[in-house]
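Below: the structure, in structure tokens.
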Amino acid sequence: MHRRMTVCLIAGLWLLAGIAWNANLFSFSLPCLWPDAASVSPIEGASNLSLTPNLKVEEHWPLGIAPPNACSHNKTQWEVGTGTQGSTAFDMQLTGITYDSGDSASLDLIAVPSGRLGAGQLYYWRYQFKDGNSADDSGWYDVSSFRTSSSPSSPSPSSCLWPYITGQSPASGTTGVSLTPTLSINAPASGGSACTHESSQWQIAKDSSFSNLVYDSGFVGAPSLNSITIPQGMLVSSTTYWWRMREQTTGAISSSWAANQSFTTQLLIVAIPLCFWPSITNNSPADGAGDLSLTPTLSVTTTGLVRVPACSHAKSQWQIASDASFNSMVYDSGESVSDLTSITLPSGQLAAGTLYYWRARFIADNDQISDWSATTSFSTALTIVPPGPCHWPVVHYATPAPDATNVSLTPMLQISVTAPTLLPACEYDSIVWLVAVRNPSGPGITNVLNETVAGVALSKIIPAGLLHASTRYAWAVSLRKSSDNTSHQYDPVAFTTGAAEGGTTQPPTGSQSLTSFDTNHDCILEDTEFFAVIDLWIANQVENALFFQAVDAWIGQTRLCPAASSVVPSSAVRVEMSAGQGIAFSSHLQSVAAMSLDIIDPAGRIIVSESAQANHLRWNLTSRDGLRVANGVYYYRVRIFAWTGQLVSTGALRPLMILR
């Protein structure tokens, strides 16, 4: 659209709305307004034109009517040149002027005089309207180009023959024709004496003598040999036109004009838009950008002046396709209220190493829709995904740390997650938090907390009332993907809560069984529990026999609870020391899939944690930091796992003497 049209439309709407200005308060005059204009003939890029072509333009107002302050079109200046300079249509200048009409009375149609143009040359032409006042000139409209015929003189007779042109469409008398019709003929017959059809010329006029041309294609080649679509703005509604065409060979030998055909355009009721949109331009990624991620962010900007009244931008629609015609749609956002000027593509929509095309448009709150932005393209990066199944990430138990003591009764469980390196990671969308305690009267555990939390938050606070003082708990997490119901549970770790406010709970005076001193109900006499036995023994509140039973139970870390069938006896683990090779731990049980080993120093710290996918493993008498351990008493705990993943040993602590 011409650059003056924005001012024209705004001023026109003001005047049509009947805005009244108080002459006592304001004193000004609006400049006159010029219409839009389009080059009708020759069309942009037309070729094989005569050396005296007709230049024709057509004026029109966007709303179909001229405003009261429309400029008076009295004269037109026409220019033809051999070159152009300037970066945009607004500052485009012609160079090598071969024809300048000056202020001509030929308003919309003029014939270039002979002697001004050369054969086989490319020319540019433009025009501007005038009303007699130089301050109100329209300014130059957009530049168009054409090329003259390389053989301007009449060709010599040729021995080739042109067939009779038939099958014209639209046929003569057709009504209700589109304003952008497609004119077509049947292809000429071929034969040994037939002329070679290299180009065609198409003309439309308002009269049967073709003296009032509205469209002239000049001689154009493929794909316009047998049909051509008339561009928008050439024809008007409810009007009768005549059209014709002729053919030409490479040597500029032309056929006769085909029989004139007439048609009448459809009655078109132009709906005045309720509001006006600015132009929408794809901003990022830049056209042709490459190596983008599979979840790129698309953004648009608006350009040009906003006409009044401007549309209220309420929603946007984004589309991505694998072809520029958007027949193979890849993604369509629908009408989005949140992604107005940018959108980040969700995962799973795009493929690696692929070319895509995208566009966007706006929707107003009155549901009026803008034009699509001009299509641009981008390509995604080529990524190589290792074959095979996904791998679950590594989970690190941060707080409470493994075997932490004096933990709050409402602690925060916190983990960190490390993705596998150079391997496809399993996706997860929720975390299962588990906290359990051993049953006080026998084997097995009781879940204190088993909660699935959606999302990937890496911490969970245990509510008050679930944990008890001075009690040992185990906790673990599972990462879970809801879509396919897959999950992975990680090995548990333990912590011990602190004493309740007011001091440590002591066993009742006069207790005559060791289980009464097992205040955390783990069936093992812990250090603090054994020290309580000593205090009561010194105070003569515990008999000697019970005291020495406690000493044996504490040293041997034997279970205080009755054994059950699911408990594997200590004989299930064999311990053998080999000189210079460390200590070997093995099991003779059937179907053993794996074993794990913890070595604990006298201070209660785990100095070694090892595992093996077998029924045996070996400790080389070094700690985690690679240093050889000192002589003394240590404790070991071996867990045995079946092929089903089930824990089949209790993993009780047992003493181990190191002497070299």
Side-chain angles (χ1 to χ4, degrees), residues 1-5 7-8 29-61 66-67 69-149 152 203 205-207 209-218 233-234:
M1 180 177 285
H2 187 260
R3 58 186 177 183
R4 293 178 177 267
M5 203 56 252
V7 177
C8 167
S29 60
L30 289 173
C32 68
L33 302 176
W34 289 103
D36 274 352
S39 303
V40 176
S41 177
I43 62 172
E44 168 62 26
S47 61
N48 290 329
L49 265 67
S50 74
L51 301 187
T52 58
N54 288 329
L55 309 181
K56 180 175 176 57
V57 301
E58 186 171 278
E59 308 175 36
H60 62 275
W61 295 94
N69 60 332
C71 297
S72 177
H73 186 183
N74 297 322
K75 298 178 181 180
T76 299
Q77 183 180 2
W78 309 77
E79 279 188 355
V80 180
T82 57
T84 63
Q85 64 181 17
S87 58
T88 68
F90 294 154
D91 61 4
M92 190 74 74
Q93 302 294 321
L94 296 191
T95 60
I97 301 296
T98 62
Y99 174 64
D100 186 341
S101 70
D103 293 344
S104 171
S106 300
L107 301 183
D108 297 321
L109 175 67
I110 194 170
V112 178
S114 62
R116 304 300 179 92
L117 306 183
Q121 296 292 319
L122 175 65
Y123 291 97
Y124 300 87
W125 66 285
R126 65 178 182 176
Y127 51 91
Q128 64 175 338
F129 299 155
K130 299 185 176 184
D131 71 348
N133 182 356
S134 60
D136 290 332
D137 291 349
S138 69
W140 295 104
Y141 286 81
D142 294 345
V143 174
S144 298
S145 66
F146 64 86
R147 186 179 295 273
T148 57
S149 172
Q203 288 184 345
K206 290 185 177 180
D207 61 310
S209 62
F210 285 81
S211 59
N212 188 7
L213 282 176
V214 298
Y215 177 78
D216 188 341
S217 70
M234 303 291 104

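Just the heavy atoms: all of them, side chains too, but no hydrogens, waters or symmetry mates, feed the values below.
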> Is there a side-chain contact between Tyr124 and Thr95 (heavy atoms, below 4.5 Å)?
Replying inline: no
>> Under the rule for side-chain hydrogen bond (donor to acceptor under 3.5 Å, both in side chains), what residues qualify as partners of Thr82, not counting sequence neighbours?
In response: none
> Who passes side-chain hydrogen bond (donor to acceptor under 3.5 Å, both in side chains) against Glu44, sequence neighbours left out?
Replying inline: Ser145
>> Would you say the rings of Phe129 and Tyr141 are close, in the sense that their centroids are separated by under 6.0 Å?
In response: yes
>> I'd like to check the side-chain hydrogen bond (donor to acceptor under 3.5 Å, both in side chains) partners of Thr52; sequence neighbours left out, ordered by chain and number.
In response: none
> Heavy atoms, side chains only, cut-off 4.5 Å: are Val112 and Leu55 in contact?
Replying inline: yes
> Closest heavy-atom contact between Ser217 and Ala46?
Replying inline: O-CB, 2.9 Å
> So, for Ala38 and Met234, which heavy atoms are closest and what is the spacing to 0.1 Å?
Replying inline: CB-CE, 4.4 Å
>> For the backbone of Pro42 and the side chain of Tyr215, can you confirm whether one donor and one acceptor N or O come within less than 3.5 Å of each other?
In response: no
>> Going by side chain to side chain contact (heavy atoms under 4.5 Å, CB included), name the residues that satisfy it together with Ala205, two or more places apart in sequence or in a different chain.
In response: Asp207, Phe210, Leu213
> Within a strict 4.5 Å, meaning less than it, do heavy atoms of the Asp108 and His73 side chains meet?
Replying inline: yes
>> Can you tell me how far apart CG (Leu117) and CG (Leu51) are? Round to the nearest 0.5 Å.
In response: 6.5 Å
> Would you find a donor on one side and an acceptor on the other, under 3.5 Å apart, between the side chain of Ser144 and the backbone of Trp125?
Replying inline: no
>> Ignoring hydrogens, what is the shortest heavy-atom contact between Leu49 and Pro53? Give both atom names and the distance.
In response: CD2-CB, 3.8 Å
Donor-acceptor pairs are to be reported for all side-chain atoms of residues 96-103 against protein atoms at under 3.5 Å, with residues two or more places apart or in another chain.
unit_1 : atom_1 : unit_2 : atom_2 : d
Thr98  : OG1    : Val80  : O      : 3.3
Asp100 : OD1    : Gln77  : NE2    : 3.2
Asp100 : OD1    : Gly102 : N      : 2.9
Asp100 : OD2    : Gln77  : NE2    : 3.4
Ser101 : OG     : Trp78  : N      : 2.8
Asp103 : OD1    : Lys130 : NZ     : 2.7

> Under the salt bridge (Lys or Arg N to Asp or Glu O under 4.0 Å) rule, what pairs show up with a residue in residues 114-126, not counting sequence neighbours?
Replying inline: Glu79-Arg126
>> Working note: Leu94 + Tyr123, criterion side-chain contact (heavy atoms from CB on, under 4.5 Å); need CA distance, chi angles, decisive distance, verdict.
In response: CA-CA 10 Å; Leu94 296 191; Tyr123 291 97; over 6 Å; no
> Which residues pass the salt bridge (charged side-chain N to carboxylate O under 4.0 Å, His left out) test with Arg147, sequence neighbours left out?
Replying inline: none
> Below 4.5 Å, heavy atoms only, C-beta onward: do Cys32 and Asp131 meet side chain to side chain?
Replying inline: yes
>> Assess, by modelled atom type and distance only, whether the side chains of Gln203 and Asp216 contain a donor and an acceptor separated by less than 3.5 Å.
In response: yes
>> Please enumerate all residues that pass side-chain hydrogen bond (donor to acceptor under 3.5 Å, both in side chains) together with Glu58, with sequence neighbours excluded.
In response: none
>> Using the rule given for side-chain contact (heavy atoms from CB on, under 4.5 Å), can you reason through Ile110 versus Ser104, listing the C-alpha separation, both sets of side-chain angles and the distance that settles it, and then say yes or no?
In response: CA-CA 9 Å; Ile110 194 170; Ser104 171; 3.9 Å; yes
> Excluding sequence neighbours, so at least two apart, what forms side chain to side chain contact (heavy atoms under 4.5 Å, CB included) with Ala111?
Replying inline: Asn54
